[in-house]
Amino acid sequence: MSNKAKYKTAPLKCWKKAKELRLKYYDDYAKAHERGGLRWAGGAWTFSAIPSGLGEDVVSLTSEPYGASIAYNKEFSLRCLEATEKKGYARDLCSYMRNYWGSILLDEYVFGGPFPKPDFLWQDHICCSHAKWYQVVSDLEGGIPHFCIDVAVGPYEEVAPHKVDYLVAQMHDGIEWLEKTTGRKYNDELLIEAVKNEFRSTSKWAEICALNKNIPAPLEEKTMYSLYVLGTLNKHDKSTADFYDELRDEVQERVAEGIAAIPNERCRLMSDTQPPWGFLSIFRYMEQFGALSVGSLYTFGLVGIWEDKPDGTWGPRTTPMDQGIEIKDRDQALRLYADWMLSKPEWQHFYSPHIKTEMMIRIAKEWHLDGVMLHYNRGCEGLSVGIAENRLGLIEAGYPVMAFEGNMGDEREFDEARVKDRFDAFMETLDMKK
Amino acid sequence: MITAGIDIGAKTIKVVLAEDGKVLGKSRVLAGIDTAAATQTALDEALANAGLTKEKVDRFMATGTGRKDCAITDREITEVGAAAKGAVHIHKACRSVVDVGAEEGRMVRCNERGKVIDFAYNEKCAAGAGTFAEGMARALQVTVEELGSLALQSKEAVQMNAQCAVFAESEVVTLIHNKTPREAIARAVLDATASRIISMVRKVGFEKDFVLIGGVALNPGFVKAMKRGLESDVYVPEDPEYIGALGAALAAAE
Amino acid sequence: MASQVGLDQETFETFRNWRIKRAEYAKQWKERTGGKIIGYFCTYVPEELLYAAGILPVRILGSHEVQDVTEPHIFAMFCPFCRDCLAQGLKGRFDYLDGITIAQSCLHIRQSYTSWEKHVPVDFSYYLPMPHHVQSKHAVPFLIKELELFKAKLEQWLGRKIEDKAIEEAVEIYNRNRQLMWRVFELRQGESPPLTGEEAMEVVLSSQMVDKREHNAALEKLLGRLAERTTDRPTGTRLMILGSEDDDIEFIRMVESCGATFVIDDHCTGTRYFWNNVEPNSNQLAGIAERYVKRVPCPSKDWPERTRVPHVLELARKYDVQGAIVMQQKFCDPHEIDTPALTKALNDAGIKTLFLEFDVTVPIGQFKVRVEAFLEMLQEDDLF
Ligand code: SF4
């Protein structure tokens, strides 16, 4: 197959807007106090719709994307990592977490100014580092109230009422705690609105990813990172849900018109786990071979919520609204919310790599992949857990796999030249030439 | 057609000149700081060895970790690709190649045409490469060659407890102080290196025949440790350190 | 300083033999009782339930031998302990197991279970989603339901019911074991403890491998002997050891050969294993759930409060600890995150710490140099 341009391409119109929304998010957080609002911090997976019931002026800073934003700025990241190490924290801990702690220790916000201290911490826990992350944040900031919800009740295929109950009971406690901690009265209307937004945005994101099954792929993964990020910041916010509607329309249009992400697409791959944020240039390098990553379980399923469609394919999960369910009260909202989140693809592998392998094979089939690149990511125990078994499983299923070691947020553990070298060798095995 | 394979490694540069699969000449020089100059020297020496001039060479092909900086040609093949080609050429039944150089080890599984099917690298761990054995030999005050023959004489197997190269060096010193026989220490060092490499081999999964190349393959103690660990025969070609360069020369002719 | 080092053969032989010949023991037990054996990966597994079903629960531990078989299965950024455990399975060293189980704790050890499940097939395997939010009042009700599911799965596998009466009896035997362990450990509070840290470790480790009934009998005998035992071994510096999974007897022995004695620990291979009892409860599963939720936690479950800090300080006070060795398995994230806070608390309480990172094998020589320097520093403190 030749490596010539055969598809038309066009820049994504929504791109600029995604960028603006992202910057606005970080700016809103920094300025919340000036505007009389409240600031909270927690993970990208936390039940972010719940604090919304405290008022429209309550804004968040999610930890992982913030850690990634730091990683993108190599000079600052190095200072952060070193500050954390100086404090006695081990070098092999989650690198987002170490970047984040460093930013507090240096009292520098990567978007300018001092680090904006959160008023409270609102977290969920499935990776060992989740709750512990904020235990340390609280230590470093001289004490911040911290509430965390355990979501590790087992894979969704085994979901049962008592598992949902456990989450919902903690959520109710959490709301009580929020009222006590902030002295504000909780508004269920706002909660219901936020939960609905979240159903909408996370289902829509899955729909967008599903459009990438098309040949040529309308999006490639490096671009997707800049789009999916909104779902890791503000998945419960109307702005995100609306943006994904708009984006879906545009991607649909690209598919209809045969607009490709890269003109010479001939080798479709997927990656796995977070990329090394300081070195996204490797994706451009791949394109020289006509290779692109059409996504990953990570970009699809960290934010996106999926389900089996009647025809057996994987597609966006039908929202309760689309099922005609009317959400009337707090308990019902929380219950639907818990069940929704428990079906998150990126939560399943925490219990078994074999479930993840199945999902990956499914993606490989439905997205027509030629191979897989596994990022053995030393920066994230949560997403690297079981990755070696995924490799074995994919090979067994007949997919060529390239494994490369690196770190999403600590550039000292990523060797760009070496990884390109590995990629060359991988392309050689697939008979792809530049 | 006469072709030249240039293997630019971490420590040394190897050049092989070949025609129709036959080696005409070869050379090896230390890479040093000025890689370009060293590459030129290596090529000149190989040409002299073959009694040829540069004009006679139809094609060049670079390989090795430094191949992108090769001043002589911009045609390149990865080191795993070259290793597989070279090894299968020398030993037809070869399906697995392990290449242990100064700074890293590589495992390649290939088909009968020398095409790579899967591969893995041993990175991040100096204990799985040649430099480690060198350091340990220094601590024992012997040369690497002596380390190998010492190891062969050992009747006992002691275990290296240190899991990292830095601690390993002082552990060797401790073992010396504890009057552990030098033969046993030498064996422990090479067993430790082999164990790292075998871990990597298992990751890719190995098929017979198994060919060991790279500078470390010259160490008989290491080869024995590999055989022991893999419970399999291991073939070491003559001139194992030139197989990558040979593979590149063969690829150039294709 | 001349001191008796190592294990008093006579008194501790039974325990040590159980540990060293664990496979032999297990096979004999099977023959003798006709029962099944389940290997477990984490001490959050409610052993009482298994025992009540006539199953012998045994903990899967590593061998401290360098190995090359786990690289294809577990990425090297995870702790050496989880790889060592899996290696035992891949090498067939636990060929007597009828099943395996794990209670959810850290991500590392989970991988030994999931790889074992696939590559060393056994008849029965079960992942118990042990809650993490043990400080929430909702953890117990959730776990009760999970225990019901676990029980049902076991019953289905065995083809018979697990009676309440049997659970009650199992709880009694396990509680008895805990009480006896407590009494043995209490003796270490005295000015000259009648047993060393190495001996104590043998006692705990073996308790994770053998039938608790037999262990109880051995403990009673041991208590009788310890009451009369006088050692000519000077206690030296009183140390505590705490951190990740640790069954490195060789290390303990080395430290105790340097003029020190371990008088207490906070390990899941030590006090954390037996510290808490199952309290009487008309609902047996509720009693068990309560015990596992409220036990001294693994750091992966110790949030939002760090309850281990006051617990460790209290141990240090009660056992009159002069210095603490804070160890961790290399890459053990949950412990790594807690180490700075724990070290600070100990130091603030006037207890100096030495931090060491363990691997499958530890470089004894290098560690000895560090330990000696640490002990020297503590002894100097004593002079002034
Ligand atoms: S290790 Fe990975 S999953 Fe865990 S907190 Fe860090 S980024 Fe999240």
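Proteins come first, then strands; the chains are lettered A, B, ... in the order of their sequence lines, and each starts at number 1.
Side-chain atoms of C:H133 and A:C148, non-hydrogen and from C-beta on, never get closer than 4.5 Å to each other.
Across every non-hydrogen atom of C:P129 and A:K163, the tightest pair is CG-NZ, 3.9 Å.
When the heavy atoms of residues 112-124 of chain C are compared with those of chain A, the residues falling under 4.5 Å are C:T114, C:S115, C:E117, C:K118, C:H119, listed by number. Residue-level contacts of residues 284-299 of chain C with chain A, in order of numbering, are C:P299; threshold 4.5 Å between heavy atoms.
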Taking it one step at a time, do A:S129 and C:I337 satisfy side-chain contact (heavy atoms from CB on, under 4.5 Å)?
CA-CA 8 Å; A:S129 300; C:I337 303 185; 4.1 Å; yes
Stepwise side-chain contact (heavy atoms from CB on, under 4.5 Å) test for A:F350 and C:R110
CA-CA 9 Å; A:F350 280 91; C:R110 186 173 303 183; 4.0 Å; yes
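Atom CG in A:N407 sits 8.0 Å away from atom CE in C:M77 (nearest 0.5 Å). One finds the SG atom of A:C127 at 7.5 Å from the CG atom of C:D333 (value rounded to the nearest 0.5 Å). A distance of 12.5 Å separates CZ of C:F75 from CZ of A:R391, quoted to the nearest 0.5 Å.
If you measure heavy-atom distances from A:N390 to chain C, you find no contacts under 4.5 Å at all. Both the backbone and the side chain of A:H162 come within contact range of chain C, judged by heavy atoms closer than 4.5 Å. For C:L149, the part lying under 4.5 angstrom from a heavy atom of chain A is the side chain only. Looking at A:L392, only its side chain comes within 4.5 Å of chain C, counting heavy atoms on both sides. For C:I74, the part lying under 4.5 angstrom from a heavy atom of chain A is the backbone only. For chain C, the nearby parts of A:Y351 are the backbone and the side chain; heavy atoms of each come within less than 4.5 Å.
Among A:S138, A:G88, A:A169, the residue making the largest number of heavy-atom pairs under 4.5 Å with chain C is A:A169. Contacts with chain A were tallied for C:Q328, C:E357, C:Q111, C:R306; C:R306 has the most, counting heavy-atom pairs under 4.5 Å. Between chain C and the options A:I126, A:N377, A:V151, heavy-atom pairs under 4.5 Å are most frequent for A:N377. Among the candidates C:A76, C:A341, C:P141, C:P72, the residue making the largest number of heavy-atom pairs closer than 4.5 Å to chain A is C:P72. Across A:M97, A:H130, A:Q170, the residue that shares the most heavy-atom pairs under 4.5 angstrom with chain C is A:Q170. When each of A:S352, A:A152, A:G154, A:G386 is checked for heavy-atom pairs under 4.5 Å with chain C, A:A152 comes out on top. Taking A:Q135, A:H354, A:H146 one by one and counting their heavy-atom pairs under 4.5 Å with chain C, the maximum is reached by A:Q135. The candidate with the highest count of non-hydrogen atom pairs below 4.5 Å against chain A, out of C:K137, C:E71, C:K301, C:M130, is C:K137. Ranked by heavy-atom pairs shorter than 4.5 Å toward chain A, the options C:S300, C:S136, C:P340 are led by C:P340.
At least one donor-acceptor pair closer than 3.5 Å links the side chain of A:K132 to the backbone N or O of C:D302. At distances below 3.5 Å, not a single donor-acceptor pair connects side-chain atoms of A:E381 with backbone N or O atoms of C:F78. Side-chain atoms of C:Q104 never come within 3.5 Å of backbone atoms of A:V153 as a donor-acceptor pair (strictly under, hydrogens ignored). Judged by distance alone, with hydrogens and angles left aside, the side-chain atoms of C:E336 form no donor-acceptor pair with the main-chain N or O of A:A90 at under 3.5 Å. Looking at A:D150, its side chain does come within 3.5 Å of a backbone N or O of C:H132 through a donor-acceptor pair.
Crowding of C:K145 atom NZ: a count of heavy atoms from other residues, nucleotides or ligands under 6.0 Å not exceeding 12. The neighbour count for C:E305 CD, taken as heavy atoms of other residues, nucleotides or ligands under 6.0 Å away, does not exceed 12.
Taking a cutoff of 4.0 Å between a charged side-chain nitrogen and a carboxylate oxygen, C:K344 and A:D139 do not qualify as a salt bridge.
Ring geometry for C:W303 against A:H125 counts as tilted: the plane angle lies between 30° and 60°, on a 0 to 90° scale.
Considering C:C332, C:S105, C:C106 in turn, C:C106 is the only one that fulfils the side-chain contact (heavy atoms from CB on, under 4.5 Å) rule with A:C128.
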